[in-house]
Number of protein chains: 2
Amino acid sequence: MDTEERLRDILQRLQKDGHRMTPQRVAILRAFLSAQDHPTVEQVYRRVCRDFPMTSLATVYKTVALLKEMGEVIEISGDLQGSRYDAFHPEPHPHLICTRCGQIYDGEGVDVQPVVAALQAQSAFQVSTYRLDLYGVCAACQAQSG
Amino acid sequence: MDTEERLRDILQRLQKDGHRMTPQRVAILRAFLSAQDHPTVEQVYRRVCRDFPMTSLATVYKTVALLKEMGEVIEISGDLQGSRYDAFHPEPHPHLICTRCGQIYDGEGVDVQPVVAALQAQSAFQVSTYRLDLYGVCAACQAQSG
DNA sequence: TTATTTACGGATAATGATTATCAATAAGAG
DNA sequence: CTCTTATTGATAATCATTATCCGTAAATAA
Ligand SMILES: [Mn+2]
Ligand SMILES: [Mn+2]
Ligand SMILES: [Zn+2]
Ligand SMILES: [Zn+2]
């Protein structure tokens with residue numbers, strides 16, 4: 001399922017809930033769904049403004065709230081200033097956050113579920129989601145300054 | 001190493017850095033170090049005020065900043081309002097956050113290091129710390145409302 | 001197409017946790 | 001005791017996010 005297909009699906013589900021399809025909403029959704037760099041709301045705002053200068057930051061906030069309700073985005077809130085979002089991979093997965101340059105990478109190829117399941121079993125919690133963030137220095141930043 | 005022993009150690013290290021030992025600082029440090037319920041800054045402030053009414057919220061913020069620099073506290077910042085702190089177990093460990101009552105429990109008995117190590121190896125990151133938070137409903141909240 | 005309804009967009013004010021500021025005070029060294 | 005200056009407490013400032021409100025435009029049906 002590629003971005004445009006997901007976009008149509010999401011718009012259809014929104015419409016079913018009495019929501020409307022506006023040019024701003026489509027542009028903002030497309031920006032979120034296609035972003036692979038975990039942008040902030042502000043960054044998505046600036047991207048949308050490039051092709052659609054008449055856009056409000058408030059509308060971007062309203063749109064990300066919609067995506068949250070629909071489970072089509074995950075939020076990365078750490079010691080960064082401003083939350084970061086991943087609507088490209090909306091299922092929980094590990095993130096590697098570079099404390100030097102601020103870049104956020106997806107952690108791939110490692111199955112976290114067993115650990116989550118073990119913690120759930122040990123705690124009698126009914127776990128609905130999780131967040132695993134590793135903080136450190138990325139390869140690029142290591143190369144340029146030890 | 002119990003709380004009072006850690007307190008003395010921390011005060012000694014602070015003194016070595018040109019810091020001073022004030023009654024407020026000691027009271028706030030003691031409150032942080034002995035708290036096992038992941039309190040907010042506000043909660044620590046209220047606890048200290050019980051025995052030491054002449055205390056400022058700003059001083060609690062300054063003290064938690066000191067603890068952060070020293071690596072003697074970990075911060076849990078999520079979708080909660082206000083960060084939560086664990087200065088009782090300052091090494092990284094999983095947390096179980098109840099979205100119903102807001103209580104935060106320590107995840108125990110599960111080794112997270114292998115997963116962290118695997119992610120570090122796969123990513124060429126130099127990982128310095130991590131955060132693993134599970135969100136869900138605690139046993140108590142499940143019991144009282146399905 | 002046109003009329004009607006009302007969700008939406010944009011601008012901006014409000015919120016709230018955290019941080020910065022600063023004058024008065026007191027800890028610690030000599 | 002005296003002096004230096006880190007610290008305190010009160011409060012202002014910051015800043016990401018949320019709430020508010022009115023004019024606009026998307027949907028729906030006549
Ligand atoms: Mn991601
Ligand atoms: Mn803990
Ligand atoms: Zn980096
Ligand atoms: Zn609960």
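Letters go in sequence order (proteins before strands), and every chain restarts at 1. Everything quoted here is computed from the prediction, not taken from an experiment.
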Novice: With sequence neighbours excluded, tell me which residues meet side-chain hydrogen bond (donor to acceptor under 3.5 Å, both in side chains) with R84(B).
Specialist: none
Novice: Any heavy-atom pair between the side chains of L132(A) and L119(B) that's under 4.5 Å?
Specialist: yes
Novice: Under the side-chain hydrogen bond (donor to acceptor under 3.5 Å, both in side chains) test, which residues partner R100(B), sequence neighbours left out?
Specialist: S145(B)
Novice: To the nearest angstrom, how far is Q12(B) atom CD from dG28(C) atom P?
Specialist: 13 Å
Novice: So, using salt bridge (charged side-chain N to carboxylate O under 4.0 Å, His left out) as the criterion, who are the partners of R25(B) when residues are at least two apart?
Specialist: none
Novice: Are there more than 12 heavy atoms of other residues, nucleotides or ligands under 6.0 Å from atom CE of M1(A)?
Specialist: yes
Novice: Taking 4.0 angstrom as the limit, do R131(B) and D79(A) come out as a salt bridge?
Specialist: yes
Novice: Ion pair present between R13(B) and D9(B), side-chain N to carboxylate O less than 4.0 angstrom?
Specialist: yes
Novice: Please check if the distance between the ring centroids of F125(B) and Y105(A) is under 6.0 Å.
Specialist: yes
Novice: For DNA chain D, find the residues of residues 29-48 of chain B with a heavy-atom distance under 4.0 Å and give them by number; none if there aren't any.
Specialist: none
Novice: In residues 52-68 of chain B, what residues come within less than 4.0 Å of DNA chain D, judged by heavy atoms?
Specialist: M54(B), T55(B), S56(B), A58(B), T59(B), K62(B)
Novice: Just jot down the side-chain hydrogen bond (donor to acceptor under 3.5 Å, both in side chains) partners of E108(B), sequence neighbours excluded, or say none.
Specialist: none
Novice: Using whole Å, report how far CG of L14(B) lies from C1' of dT7(D).
Specialist: 12 Å
Novice: Show every ring pair (Phe, Tyr, Trp, His ring centres under 6.0 Å) that has at least one partner inside residues 74-93 of chain A, sequence neighbours left out.
Specialist: H89(A)-H93(A), H93(A)-H95(A)
Novice: Should T129(A) and I74(A) count as side-chain neighbours, where that means a heavy-atom distance under 4.5 Å?
Specialist: no
Novice: Treating primed atoms plus P, OP1 and OP2 as sugar-phosphate and everything else as base, which nucleotides of nucleotides 23-30 of chain D get B, S or - for protein heavy atoms under 4.0 Å?
Specialist: --BBS---
Novice: I'd like to know if R47(B) and D37(B) make a salt bridge, using a cut-off of under 4.0 Å between side-chain N and carboxylate O.
Specialist: yes
Novice: Taking N or O atoms only and anything under 3.5 Å, show me the protein contacts with nucleotides 13-15 of chain D, one pair per line.
Specialist:
none

Novice: From CG of L11(A) over to C1' of dC8(C), roughly how many Å is that when rounded to an integer?
Specialist: 14 Å
Novice: Atom CD1 of I28(B) to atom C1' of dG9(D): distance rounded to whole Å?
Specialist: 11 Å
Novice: For a quick test of reading the model: is some side-chain N or O of S83(A) closer than 4.0 Å to OP1 or OP2 of dT17(D)?
Specialist: yes
Novice: V116(A): what forms a side-chain contact (heavy atoms from CB on, under 4.5 Å) with it, not counting sequence neighbours?
Specialist: V112(A), Q113(A), V127(A), Y130(A), L134(B)
Novice: Using side-chain hydrogen bond (donor to acceptor under 3.5 Å, both in side chains) as the criterion, list what pairs up with S83(A), not counting sequence neighbours.
Specialist: E75(A)
Novice: Using a 3.5 Å distance criterion without hydrogens, assess whether the side chain of Q142(A) forms a donor-acceptor pair with backbone atoms of V137(A).
Specialist: yes
Novice: At 10 degrees resolution, what angle do the end axes of the helix from dT1(C)-dA30(D) to dG30(C)-dC1(D) form when each is taken over five base pairs?
Specialist: 40°
